[in-house]
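Here the structure is laid out as structure tokens; the discussion comes afterwards.
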Amino acid sequence: MSRLAQTHGLTDIQQEILSTVRDFVDKEIIPVATELEHRDEYPTQIVEGLKELGLFGLMIPEEYGGLGESLLTYALCVEEIARGWMSVSGIINTHFIVAYMLKQHGTQEQREYFLPRMATGEVRGAFSMSEPALGSDVSAISTKGVKVGDEYALTGQKMWLTNGGSSTLVAVLCRTDEGHPEGTAPHKSMTTFLVEKEPGFGEVRPGLTIPGKIEKMGYKGVDTTEMILDGLRIPANRVLGGTTGRGFYQMMDGVEVGRVNVAARGCGVAQRAFELGVSYAQQRHTFGKPIAQHQAIQFKLAEMATKVEAAHAMMVNASRKKDSGERNDLEAGMAKYLASEYCKEVVEDAFRIHGGYGFSKEYEIERLYREAPMLLIGEGTAEIQKMIIGRRLLEEYRFQG
């Protein structure tokens, strides 16, 4: 194990899980990640291995066939997986957001129907808030769910679905005006629908089309897609929690888990970049000695390691806060903001240490350099995180005048 980013106070079971995951990453992910990424190939064999390890059920309660582990355990596993290949951690992230939302907000029937099959990976989750025209402005959602008898008809266009093609269950946020009079605040007229579908592209069920993969600069392998809803009929018992108008709060609760995940991914990618940089610096010679012996490189390594350690500590703190049952939007926002920014900086420093070779696709750092930017925007941009942090600080430090 590396000296950096250690987590104190873990149980024997947590340590055993992390050791198993790290071993899997070293043997099954790192050796093939760059080749698969360059081909933009879905990592089927890796995903099957994660299923065998039980990771798709890591946070799902034991009564539904999962391991019943904490958010901290999950985040530390994500950190290890992202260290191997960030795209694989993305495959797990949206699955766990949906599983978490079901566990926290689903009806008993919904939990019993979905969670056991999600624990095995038979049902794979994705979630959908964003649309082509709204970006971070969730209140501007235009996709609508209209009550038609005992069903709802969903119509609209969604964007940036991670696992859009490979998933079989999508949590979709829509506007439902029924029961909410005109003038109701936008966030109080939103509903989360649980949409089942076949994996693949094209029309995956009547009224639901997944057009195809979006071509991206990085974050390859995992399928990122649009989703078109054209009068898709959904039974009323597939409203998450059974009541309309609660979708915004349900999604925001899930996004807090997602932000911890993105922070963990940033930590994992930064750790790998540091490993590559410190290793290369001891192999590459200039002016008669390894470049690691040049003071300028040592300064870079010192800054990189400090950023890895700081980001990890904040991610662990945000995870433990959520596990305690306390509100953690402040901590999750800080962790996501810091970890993603530091990840970009650590990756760039490792890239600089590699010199011209860092620009070659033969070297792993080239892949990390294209992957890190996704973390700057995933689950909310830095600016969104600052807004969340600022508002929460003003709540905590309200001026008493």
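Hydrogens, waters and symmetry mates are skipped; everything else that's a heavy atom, side chains included, is used.
A distance of 12.0 Å separates CE in M118 from NZ in K103, rounded to the nearest 0.5 Å. Distance check: Y152 OH to R233 CZ gives 12.5 Å after rounding to the nearest 0.5 Å. Atom CD in E256 sits 6.0 Å away from atom CG in D253 (nearest 0.5 Å). Residue I389 holds its CD1 atom at 5.5 Å from CE of M334, rounded to the nearest 0.5 Å. Taking CE of M227 as the start and CG of L232 as the end, the distance is 8.5 Å to the nearest 0.5 Å. Distance check, rounded to the nearest 0.5 Å: CG of D329 to CD of Q385 gives 10.5 Å.
Q6 places a side-chain N or O within donor-acceptor distance of the main-chain N or O of L4, the cut-off being under 3.5 Å. At distances below 3.5 Å, at least one donor-acceptor pair connects side-chain atoms of S340 with backbone N or O atoms of K336. In this structure, the side chain of Q14 engages the main chain of T11 through a donor-acceptor pair within 3.5 Å. With hydrogens and angles disregarded, no donor-acceptor distance shorter than 3.5 Å links the side chain of K361 to the backbone of E366. Looking at Q271, its side chain never comes within 3.5 Å of a backbone N or O of A5 through a donor-acceptor pair. The main-chain N or O of T73 is found under 3.5 Å from a side-chain atom of S70 such that the two form a donor-acceptor pair. Looking only at distances, a side-chain donor or acceptor of E131 sits under 3.5 Å from a matching main-chain atom of S142. Of the possible polar contacts, one joining the S360 side chain to the E362 backbone as a donor-acceptor pair under 3.5 Å is found.
With E79 as the partner, the side-chain hydrogen bond (donor to acceptor under 3.5 Å, both in side chains) test is satisfied by one option alone out of R22, R265, H312: H312. Each of V78, N328, V255, L72 was scored for a side-chain contact (heavy atoms from CB on, under 4.5 Å) with V260, with one residue passing: N328.
With a 4.5 Å cut-off on side-chain heavy atoms, T143 and T155 do not count as touching. Side-chain contact check for K188 versus R246: every heavy-atom pair is 4.5 Å or farther apart. Within the 4.5 Å cutoff, the side chain of M101 has heavy atoms near those of the M251 side chain. Within the 4.5 Å cutoff, side-chain heavy atoms of V21 are placed close to those of L55. V316 places a side-chain heavy atom less than 4.5 Å from the side chain of R320. V47 is listed as a side-chain neighbour of Y42, based on a closest heavy-atom distance under 4.5 Å. In this structure the side chain of T94 never reaches within 4.5 angstrom of the side chain of V98, judged on heavy atoms. Looking at Y342 and V308, their side chains never come closer than 4.5 Å, going by heavy atoms from C-beta outward.
In summary, R370 and E37 engage in a salt bridge, as defined by a charged side-chain N under 4.0 Å from a carboxylate O. Contact check on K322 versus E326 returns no salt bridge, with no Lys/Arg side-chain nitrogen under 4.0 Å from an Asp/Glu carboxylate oxygen. Between E275 and R272, at least one side-chain N (NZ, or NE/NH1/NH2) sits under 4.0 Å from a carboxylate O, which counts as a salt bridge. For the pair D40 and K213, the salt-bridge criterion is met [side-chain N within less than 4.0 Å of a carboxylate O]. Remark: E196 engages R238 in a salt bridge, criterion side-chain N to carboxylate O under 4.0 Å. A salt bridge is absent between D223 and K216; no separation between the charged side-chain nitrogens and carboxylate oxygens falls under 4.0 Å. Salt-bridge annotation for K321 and D323: absent, with no side-chain N of the basic residue lying under 4.0 Å from a carboxylate O of the acidic one.
H95 and N163 share no side-chain donor-acceptor pair at under 3.5 Å. No hydrogens or angles considered: nothing links the side chains of T120 and K51 as a donor-acceptor pair under 3.5 Å. In this structure, a donor-acceptor pair under 3.5 Å is absent between the side chains of S19 and Q15. Between the side chains of T176 and T191, at least one donor-acceptor pair of N or O atoms lies under 3.5 Å. Between the side chains of T34 and E364, no donor-acceptor pair of N or O atoms lies under 3.5 Å. E371 and W85 share a side-chain donor-acceptor pair at under 3.5 Å. In summary, the side chains of T192 and Q250 do present a donor paired with an acceptor at a separation below 3.5 Å, with no hydrogens or angles considered. Residues T168 and R124 have side chains that never bring a donor and an acceptor to within less than 3.5 angstrom of each other. Between the side chains of N93 and E379, at least one donor-acceptor pair of N or O atoms lies under 3.5 Å.
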Original post:
Taking it one step at a time, do K344 and L375 satisfy side chain to side chain contact (heavy atoms under 4.5 Å, CB included)?
Top reply: CA-CA 8 Å; K344 176 202 68 170; L375 299 174; over 6 Å; no

**OP:** Given side chain to side chain contact (heavy atoms under 4.5 Å, CB included), test Q157 with E226 step by step and report yes or no.
**Re:** CA-CA 7 Å; Q157 184 178 3; E226 297 177 68; 2.6 Å; yes

Original post:
How far apart are the C-alpha atoms of V172 and L229, what are their side-chain angles, what is the distance that settles it, and do they pass the side chain to side chain contact (heavy atoms under 4.5 Å, CB included) test?
Top reply: CA-CA 10 Å; V172 184; L229 305 158; 4.2 Å; yes

Subject >> salt bridge (Lys or Arg N to Asp or Glu O under 4.0 Å) evaluation trace for K307 with E303 >> reply: CA-CA 6 Å; K307 289 172 181 177; E303 291 169 2; 5.1 Å; no

Original post:
When you look at L10 and L76, which way does the side chain to side chain contact (heavy atoms under 4.5 Å, CB included) test go after all the steps?
Top reply: CA-CA 11 Å; L10 298 180; L76 294 175; 3.9 Å; yes

Original post:
After noting the C-alpha distance and the side-chain angles of E16 and T20, does the key distance pass the side chain to side chain donor-acceptor pair (under 3.5 Å) rule?
Top reply: CA-CA 6 Å; E16 184 178 343; T20 300; 5.4 Å; no

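The number of heavy atoms from other shown groups lying within 6.0 Å of NZ (K27) does not exceed 12. Within a 6.0 Å radius of CD in E112, more than 12 heavy atoms belonging to other residues, nucleotides or ligands are found. The number of heavy atoms from other shown groups lying within 6.0 Å of CD (E395) is above 12. By the 6.0 Å contact criterion, CZ on R352 is open, its count of non-hydrogen atoms from other residues, nucleotides or ligands being 12 or less. No more than 12 heavy atoms of other residues, nucleotides or ligands sit less than 6.0 Å from atom CD1 of I13. Shown here is Y357, whose OH atom has no more than 12 heavy atoms of other residues, nucleotides or ligands within 6.0 Å. Enclosure of atom CD in E109 by more than 12 non-hydrogen atoms of other residues, nucleotides or ligands within 6.0 angstrom is indicated. When the shell of 6.0 Å around CD of Q45 is examined, it contains 12 or fewer heavy atoms from other residues, nucleotides or ligands.
In this structure, F96 and Y74 have tilted ring planes: the angle between them lies in the 30° to 60° band. Between Y280 and H354, the ring planes are parallel. Angles under 30° get that label, and only those over 60° would be called perpendicular.
Nearest heavy-atom pair, K147 versus G149, reported as atom, atom and distance to 0.1 Å: CE-O, 3.1 Å.
By the 6.0 Å and 45° rule, R117 stacks over the aromatic ring of Y113.
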